[in-house]
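To keep things clear, I will list the structure first and then write my remarks on it.
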Amino acid sequence: MSKTYDHHAIEVKWQAYWEEHRPFRAVEDASGPKFYCLDMFPYPSGSGLHVGHLEGYTATDIVSRYKRMKGFHVLHPMGWDAFGLPAEQYAVKTGIHPAMTTAQNIATFKRQMKRVGLSYDWERELSTTDHDYYRWTQWIFLQLFKRGLAYVAEVPVNWCPALGTVLANEEIVDGKSEVGGFDVIRKPMRQWVLKITAYADRLLDDLSLVQWPTSTLEMQKNWIGRSIGAEVEFGLAGIHGRIRIFTTRPDTLFGATYMVLAPEHPLVDAVTAPDRRQAVEAYRQAAARKSDLQRQELEKEKTGVFTGGYAVNPVNDERLPIWIADYVLLGYGTGAIMAVPAHDARDWAFAKTYALPIREVIAGGDVEKEAFVETEQGTVINSTTPDGRFSIDGLAPVDAIPKITAWLETIHKGRKSVNYKLRDWLFARQRYWGEPFPILWVEGQPKPIPEEQLPLVLPETTNFTPSGNGESPLANLEDWLSTTDPSTGKPARRETNTMPQWAGSCWYYLRFIDPKNTRQLVDPSKEQYWMPVDLYIGGSEHAVLHLLYSRFWHKVLYDIGVVTTLEPFKKLVHQGIVLGEDNQKMSKSRGNVVNPDEMIDRFGADAVRLYEMFMGPLEAMKPWSTRGVEGVTRFLERVWRLMVNEEGRLSAAIVSSTPNLEQQRILHQTIKKVTEDIEDLRFNTAISQMMIFTNEMTKLEHRPRSLIEPFVLLLSPFAPHITEELWAVLGHHPSISQHPWPEFDPALTVSDRLTIPVQINGKLRGRIEVGANAGRQEIEALARQEAAEWLQGKVPKKIVYVEKKLVNFVV
RNA sequence: GCGAGAGUGGCGGAACUGGCAGACGCGCGAGACUUAGGAUCUCGUGGGCAACCGUGGGGGUUCAAGUCCCCCCUCUCGCACCA
């Protein structure tokens, strides 16, 4: 195998040069614009980097290198989201401390990243497991606690017996734990919870401030799930009390024919009639036994039982039977609904099953066949109070909603109300390998540890097995556990929970700005200089949780004056998944995993980088092709031969003569295309333009230096090693990364000759060549000649002429 | 079911506001240089013998549709009884 250039030698050489001279160090310098270019930092797993990581990292690296050459001060850092379950599970199995495993994995990741030539400012490297880092994670928690945004609550949690821990809703997929696929049951437990719901409106509204993919914005909106409606109070027949319900459709209040409480609703006992008690109790127990998975499987079949109690509709004093059914959820709204089978699909299905009445109050559909749920169409009917003093009849539903809501307020039976799907964030984990809570329990009350005593360091141990009673392995460490309250001297017990992995990744982008600061989380002047993150690239698996949690913390930090931007991440892009060569998702069991180290060994880092970007659009899911890597390798070899001879010296083909106009044009078109494509993250088409340029240059016997040198600069963000070497061969001092980006002359990007297609009835019939300044008359005359054969003397009905673009004869 | 996005050669993919469909690369074919080539270079490569036909399918708007409008099909991602 003969190589025209030795990628291994060149890459090692220039990586050593960068290591020594640090051209990628970020500096705060008011003299120039800044650009903060961030990758989602990885969890350093045992299997090392995969080619999917590399896609996003290469993209941000190209942008960072490009921006530096454009004169920006660029912050391009990397770190490690290193707390987490895999290292802990490994520790349980082997007894090896998670810190050891983590350190080894980080070393591997870092080595691989350096091999790829990623231009990080390594002086800012951080790990969420560093004491100096999680000190500030704990500090943020204390601020949340002080503001009442962190509280302890007895909440039904997802308990996973196999993992011996509680899981967040987000860590459960199809009723099983996301990690391991174990069964999960519901169980009440005392837990730390963060009040993210207090920020629901801001989290929703401020999405208008960011440039994010529409799908991600939609997912965040759906997750927050704001819905505007009304709370309405229904009296109870025969007993004291009332049922509060939430509805988005108060316009259908006259159509309510029964009520439903969630099985766990506290009012169930009070409304249940003695003869129904047994049936109700049986149903409640059955519902409690159902796991989330079973509830989903039974989605189609609606079940419930009648309680024997009745509620009274406030608009017409009708008695409505009260049922319990598990299609009503305790956790949403008030855990109770009015059922309007005519205009709600779920109520309709339930009413059909139990032969409950269906009363139409919006005309426009056929409620015997299906529920009519439109609000934009239809007319309200049968909706006048018995005394005739209030009516919404004849209105469109959208107009009836505010009218009846306002009326309910005047009679003190209801009010406008907003509900969210978003729940408070269950923040505690029963694990060892996480940030300890800076909290002491004194006489049953949580007390924050004084800030100056942070960090509260994770104690050493060799036993990583969960305590088994729902507490973390920290509960086994008696010496650490028992302490005294520093302010009162009273005995205290430490909180044994640790924080979830999300905690550390919620704010790492801020610490990169000022990673060594011992006095503050971040220096305010540096924060003002670098924030917000201008470009953030990472996987779409974080479209909701990480991005929502970060935004929440950021807003809290904004409120306490630590940050000055409302949103942390201005522009966000998700790189697509890289599939195996067989078009299937890469997995060890399929054996289709592509190893980046192997690819770099064979083809070099530049070729791998280039291929990662040439595969297709950044956001698209696309298969790996090793043939494709060979293709871009050929391209790099052609570039090399363009200017280097067989002895490795500057080729005699490189001349100092002035290029002709046509040659200048291809250069300037290339500069324009590559520049614009990098700005829009369209790296695949930028590369194809550089291939076109290279193909043109290959044809030339004499290659003017003034064409070749700017081209090497254009290629350098994509293939930084080979271009450093070429830059040196061309007689320049390193580093090419510090040389200004070439500019294009717009006048030189357009040709002086135009090829105009000639169409007849929209079908292509020929082409004509004209000068760039040719006018309509000249072009039309030529086009007529070109089309004469097809026109056969017929006179065109119409001639469509598009300026410098096309002529079309309509006959 | 709801929400978002996407369907273009043998393959990955180009085509910014409607204006030459298939750039660039892979693969394939032919040739050149060679003892040799799985190196390199050159040429060709959507289908069809042709007229013509071609961007998931069917309608429509337009001088002109991959691009705009309506209906349908398929795939990917997310949510999943949220009242």
Side-chain angles (χ1 to χ4, degrees), chain A residues 1-4 174 213-223 225-227 229 245-249 252 260 295-296 298-302 325-329 331-340 343-347 349-350 373 419-423 540-541 543-544 574 576-577 583 610-611 614-617 619-632 634-635 637-638 641 676-677 680 682 684-692 694-695 698-699 755-767 796-803 805-811:
Chain A
M1 185 156 56
S2 83
K3 281 202 199 90
T4 50
D174 295 333
T214 48
S215 61
T216 306
L217 293 174
E218 280 306 312
M219 282 161 72
Q220 294 233 337
K221 284 177 193 164
N222 292 340
W223 193 265
R226 176 162 70 190
S227 56
I245 62 104
F246 172 73
T247 178
T248 55
R249 296 297 305 277
T252 62
V260 186
R295 275 204 177 190
Q296 279 171 26
L298 296 171
E299 176 190 329
K300 299 251 160 22
E301 287 286 311
K302 295 260 184 304
D326 64 4
Y327 82 91
V328 174
L329 309 172
Y332 184 79
T334 62
I337 63 158
M338 65 168 185
V340 185
H343 306 293
D344 181 281
R346 294 152 301 182
D347 298 344
F350 192 82
V373 299
N419 262 287
Y420 304 89
K421 284 192 220 175
L422 184 70
R423 309 296 157 80
S540 58
E541 67 272 20
V544 179
H574 302 299
I577 293 171
N583 243 301
L610 214 49
Y611 176 67
F614 189 58
M615 270 194 286
E619 288 108 316
M621 183 188 288
K622 48 214 174 291
W624 184 267
S625 159
T626 302
R627 295 268 199 193
V629 189
E630 288 171 10
V632 295
R634 280 200 275 275
F635 163 66
E637 287 169 347
R638 271 207 304 282
R641 285 195 304 268
E676 290 173 354
D677 281 354
D680 294 336
R682 292 191 309 245
N684 53 333
T685 49
I687 293 166
S688 92
Q689 180 64 35
M690 291 192 282
M691 287 171 167
I692 292 169
T694 304
N695 293 343
T698 305
K699 290 179 196 158
T755 304
I756 307 269
V758 178
Q759 298 182 335
I760 292 168
N761 290 337
K763 284 198 191 348
L764 182 69
R765 292 304 185 201
R767 291 189 178 84
K797 243 193 296 188
K798 187 176 167 187
I799 300 168
V800 179
Y801 170 73
V802 182
E803 179 81 13
K805 273 268 175 65
L806 144 158
V807 181
N808 185 16
F809 296 101
V810 186
V811 294

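Numbered from 1 within each chain, the chains take letters A, B, ... in sequence-line order. Given the structure is predicted, the values throughout are model-derived calculations rather than measurements.
- Rounded to whole Å, the separation between the C1' atoms of B:G3 and B:C69 comes to 22 Å.
- Comparing B:C11 with B:G56, their P atoms sit 13 Å apart, to the nearest whole Å.
- Comparing B:A83, B:G13, B:C63 against the side chain of A:V810 picks out B:C63 as the nearest.
- Between A:D677 and A:Q689 there is no side-chain heavy-atom pair separated by less than 4.5 Å.
- Both A:P617 and A:D344 sit near RNA chain B, but only A:P617 has its closest nucleotide nearer the 5' end.
- Rounded to whole angstrom, the span from the NZ atom of A:K763 across to the C1' atom of B:U62 amounts to 14 Å.
- For B:C16, the OP1/OP2 oxygens have no side-chain nitrogen or oxygen of A:R682 closer than 4.0 Å.
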**Protein-to-nucleotide contact annotation, 5' to 3' order, nucleotides 17-25 of chain B [B base; S sugar-phosphate only; - none; under 4.0 Å, heavy atom]** = --BB--BBS

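- Residue A:E218 contributes atom CD, which lies 11 Å from atom C1' of B:G5 at whole-angstrom precision.
- Whole-Å rounding puts the A:L610 CG to B:C26 P distance at 12 Å.
- Across the P atoms, B:G10 and B:G54 are found 16 Å apart, a figure rounded to whole Å.
- Here the side chains of A:M338 and A:D347 are not in contact, with every heavy-atom distance at 4.5 Å or above.
- Between A:Y332 atom OH and B:A80 atom C1' the separation is 14 Å, expressed in whole Å.
- Scored by the side chain to side chain donor-acceptor pair (under 3.5 Å) test, A:K763 finds no partners at all (sequence neighbours excluded).
- In this structure, CZ of A:R641 is placed 14 Å from C1' of B:U42, rounded to the nearest angstrom.
- Of all nucleotides listed (B:C81, B:U40, B:G13), B:C81 comes nearest to the side chain of A:K302.
- Across all strands, A:K622 comes closer than 4.0 Å only to sugar-phosphate atoms, never to a base (heavy-atom distances).
- One interatomic measurement links the two molecules: NZ of A:K798 to C1' of B:U62, which rounds to 9 Å at whole-angstrom precision.
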**Asked** Please, what dot-bracket string fits RNA chain B when only Watson-Crick and G-U pairs with both distances under 3.5 Å count, crossing ones use [ ] and pairs to another strand use |?
**Response** (((((((..(((......[....)))((((((.......))))))((....))..(((((..]....))))))))))))....

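- The distance from atom CD1 of A:I577 to atom C1' of B:C75 is 14 Å, rounded to the nearest whole Å.
- Going from the C1' atom of B:A65 to that of B:C2 covers 31 Å, rounded to whole Å.
- Under the 30°/60° scheme for interplanar angles, the aromatic rings of A:W624 and A:Y611 are found to stand perpendicular.
- A:P213 comes within 4.0 angstrom of no nucleic acid atom, judged by non-hydrogen atoms across all strands.
- Of the possible polar contacts, none joining the A:N419 side chain to the A:S227 backbone as a donor-acceptor pair under 3.5 Å is found.
- Residues A:F809 and A:R765 have side chains not in contact (no heavy-atom distance under 4.5 Å, counting atoms from C-beta outward).
- Protein atom CH2 of A:W223 is 16 Å distant from nucleotide atom C1' of B:C2, rounded to whole Å.
- Within 4.0 Å of A:R765, counting heavy atoms only, lie sugar-phosphate atoms of the nucleic acid but no base atom.
- Taking 90° from 0 as the syn/anti boundary, the base of B:G9 is oriented syn.
- A cation-pi arrangement is absent between A:K302 and A:F350 under the rule of less than 6.0 angstrom and at most 45 degrees off the ring axis.
- Atom name P, nucleotides B:C43 and B:G25: the rounded distance is 12 Å, in whole Å.
- Remark: side-chain polar atoms of A:R249 are paired, donor with acceptor, to backbone N or O of A:V373 under 3.5 angstrom.
- Residues A:Y327 and A:I337 have side chains in contact (heavy-atom distance under 4.5 Å, counting atoms from C-beta outward).
- Comparing the same atom, P, in B:A15 and in B:G58 gives a spacing of 26 Å after rounding to whole Å.
- Within the 4.5 Å cutoff, the side chain of A:M690 has heavy atoms near those of the A:I687 side chain.
- For A:S227 and B:A83, the shortest distance from a side-chain N or O to OP1 or OP2 is below 4.0 Å.
- Across the P atoms, B:G18 and B:C63 are found 16 Å apart, a figure rounded to whole Å.
- At least one side-chain heavy atom of A:N684 sits under 4.5 Å from a side-chain heavy atom of A:P617.
- For the C1' atoms, the distance linking B:C49 with B:C20 amounts to 25 Å, nearest Å.
- Each of A:F809 and A:N222 has a nearest nucleotide on RNA chain B; the 5'-most of these lies closest to A:N222.
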